[in-house]
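Presented below is the structure to which this report refers.
Below, chain A is the first sequence line, B the second, and so on; all start at residue 1.
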2 protein chains.
Amino acid sequence: MDSRLTIGELAKETGTKVVTVRYYEQAGLLPVPPRTAANYRAYGADHLHRLRFIRRCRDLGFTLDQVRDLLRMSSQEDQPCAEVNRISGEHLTEIERKVADLTRLADELRRINARCQGSGTVADCRIIEALSP
Amino acid sequence: MDSRLTIGELAKETGTKVVTVRYYEQAGLLPVPPRTAANYRAYGADHLHRLRFIRRCRDLGFTLDQVRDLLRMSSQEDQPCAEVNRISGEHLTEIERKVADLTRLADELRRINARCQGSGTVADCRIIEALSP
DNA sequence: ATGCACCCTATAGTCACTATAGGGTCAAGG
DNA sequence: CCTTGACCCTATAGTGACTATAGGGTGCAT
């Protein structure tokens, strides 16, 4: 039984694009796989797990640097996980800050947009006016 | 009375960095200013207004492409402002979508983080576990 | 043997800046 | 007059996380 995957199969399996998989390899996130006689990358189950982990982290908004750290830590099972906690906590704080910023921004845009019905000319436009400080 | 500003003064006046002002010029957002004998850029009140407009739009999260469009429209006072309305409305929709995405994401991260006190080892870490799909 | 989908490398482009190198200019103080 | 320091100039490369393009090789079915 041949459990090796081509890059295309690995990509499809994880919802990643082929070029992105190669990018992760070159970025040092995914180990260099063995090659077939035709120089095709041949991936195993370990690559699949690792790539799924990477994608999950990316979906959650972690940067590749953070993912790198999390990967390193997850392979050192006897180390304390305080550092894992710190990274995840800081990331949450950052996201909460972004939500607050964007919410404030959306409020302001709603206020600006409400002042114009889009039926007049630019000269009367309250949006342009509101954008001109 | 000399109303001309150096690039440094313009930058300070608008809360922009000097390099960013030059970047806006090269990106075609800020008109090329006249130069002094020493080849220094010499800005006038029109540049100041325009740069303030750009910064305000950027603060509201518009892309430079959108700002370019808004600038073009704001100079055609007799044109209908429906297009202005459309750009602003689409931008608001996009931001609202981002807020929803990030809120969902923050919820998930909070749930994940709550499962780990950071006192054990990585082997027991519920964060790593939650990140491994 | 021919088409087609897939694989390979290397390079450049995206966005909105930021950083660096290597210079020129100007006003104040010694 | 000379130097110091803050400012100005250009040109080029780097950031993050990909994406796109060019120019080729491989594998399988018809």
Side-chain angles (χ1 to χ4, degrees), chain A residues 2 4-30 32-43 47 50-51 53-71 87 91 94-95 98 101-102 105, chain B residues 2 4-30 32-43 47 50-51 53-71 87 91 94-95 98 101-102 105:
Chain A
D2 171 17
R4 293 276 136 183
L5 301 169
T6 67
I7 196 170
E9 290 162 347
L10 183 72
K12 183 174 277 183
E13 203 70 27
T14 56
T16 317
K17 293 193 181 163
V18 167
V19 279
T20 305
V21 176
R22 285 197 281 253
Y23 170 75
Y24 287 160
E25 175 182 323
Q26 115 113 54
L29 283 152
L30 208 49
V32 173
R35 299 288 183 118
T36 67
N39 200 30
Y40 285 17
R41 288 169 179 82
Y43 294 100
H47 290 101
R50 199 175 169 97
L51 183 49
F53 183 91
I54 294 170
R55 295 306 291 180
R56 174 109 171 96
C57 291
R58 291 293 299 129
D59 285 347
L60 287 166
F62 287 94
T63 66
L64 288 191
D65 266 356
Q66 290 172 320
V67 179
R68 228 185 305 270
D69 287 346
L70 290 170
L71 279 169
I87 292 177
H91 181 47
E94 174 127 339
I95 290 174
K98 266 186 201 159
D101 284 356
L102 285 178
L105 211 142
Chain B
D2 171 18
R4 294 275 135 185
L5 300 170
T6 66
I7 195 170
E9 290 162 347
L10 183 73
K12 183 173 279 184
E13 203 69 28
T14 56
T16 317
K17 292 191 182 166
V18 167
V19 279
T20 304
V21 176
R22 283 197 282 251
Y23 171 75
Y24 287 159
E25 175 183 322
Q26 116 114 56
L29 283 152
L30 207 51
V32 173
R35 301 287 183 118
T36 66
N39 201 30
Y40 285 17
R41 287 169 179 82
Y43 294 100
H47 290 101
R50 198 174 170 99
L51 183 50
F53 183 91
I54 294 170
R55 295 307 290 178
R56 173 109 172 98
C57 291
R58 292 291 300 131
D59 285 347
L60 287 166
F62 288 95
T63 66
L64 288 190
D65 265 358
Q66 290 172 321
V67 178
R68 229 184 305 269
D69 287 346
L70 289 171
L71 278 169
I87 292 178
H91 181 47
E94 173 128 339
I95 289 175
K98 266 187 201 159
D101 285 356
L102 285 179
L105 211 142

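- Rounded to an integer number of Å, the gap from CG of B:Asp59 to C1' of C:dA16 is 14 Å.
- For B:Tyr24 and B:Arg55, the side-chain atoms include at least one donor-acceptor pair closer than 3.5 Å.
- With a 4.5 Å cut-off on side-chain heavy atoms, B:Phe62 and B:Asp69 do not count as touching.
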Polar atom pairs (N or O), protein with nucleotides 9-11 of chain C, under 3.5 Å:
from	atom 1	to	atom 2	distance (Å)
C:dT9	OP1	A:Arg35	NH1	3.4
C:dT9	OP1	A:Arg35	NH2	2.8
C:dT9	OP2	A:Arg41	NH1	3.0
C:dT9	OP2	A:Arg41	NH2	2.8

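- Regarding B:Leu29, its CG atom lies at a distance of 13 Å from the C1' atom of C:dC15, rounded to whole Å.
- Looking only at side-chain heavy atoms (C-beta outward), A:Tyr43 and A:Val21 come within less than 4.5 Å of each other.
- Heavy atoms only, all atoms of each residue included: B:Gln66 and B:Gly61 are closest at OE1-O, 4.5 Å.
- With no hydrogens or angles considered, no side-chain donor-acceptor pair links A:Tyr40 and A:Arg4 at under 3.5 Å.
- Here the C1' atom of nucleotide D:dA6 and the NZ atom of B:Lys12 are 11 Å apart, to the nearest Å.
- Shown here are the salt bridge (charged side-chain N to carboxylate O under 4.0 Å, His left out) partners of A:Glu25, two or more places apart in sequence or in another chain: A:Arg41.
- Listed for the B:Arg68 side chain is a donor-acceptor partner under 3.5 Å among the backbone atoms of B:Ala27.
- Side chain of A:His91 to backbone of A:Leu60: a donor-acceptor contact under 3.5 angstrom is found.
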In 5'-to-3' order, the base (B), backbone-only (S) or no-contact (-) status of each nucleotide in nucleotides 16-30 of chain D, using a 4.0 angstrom heavy-atom cut-off, is -BBS-----BBS---
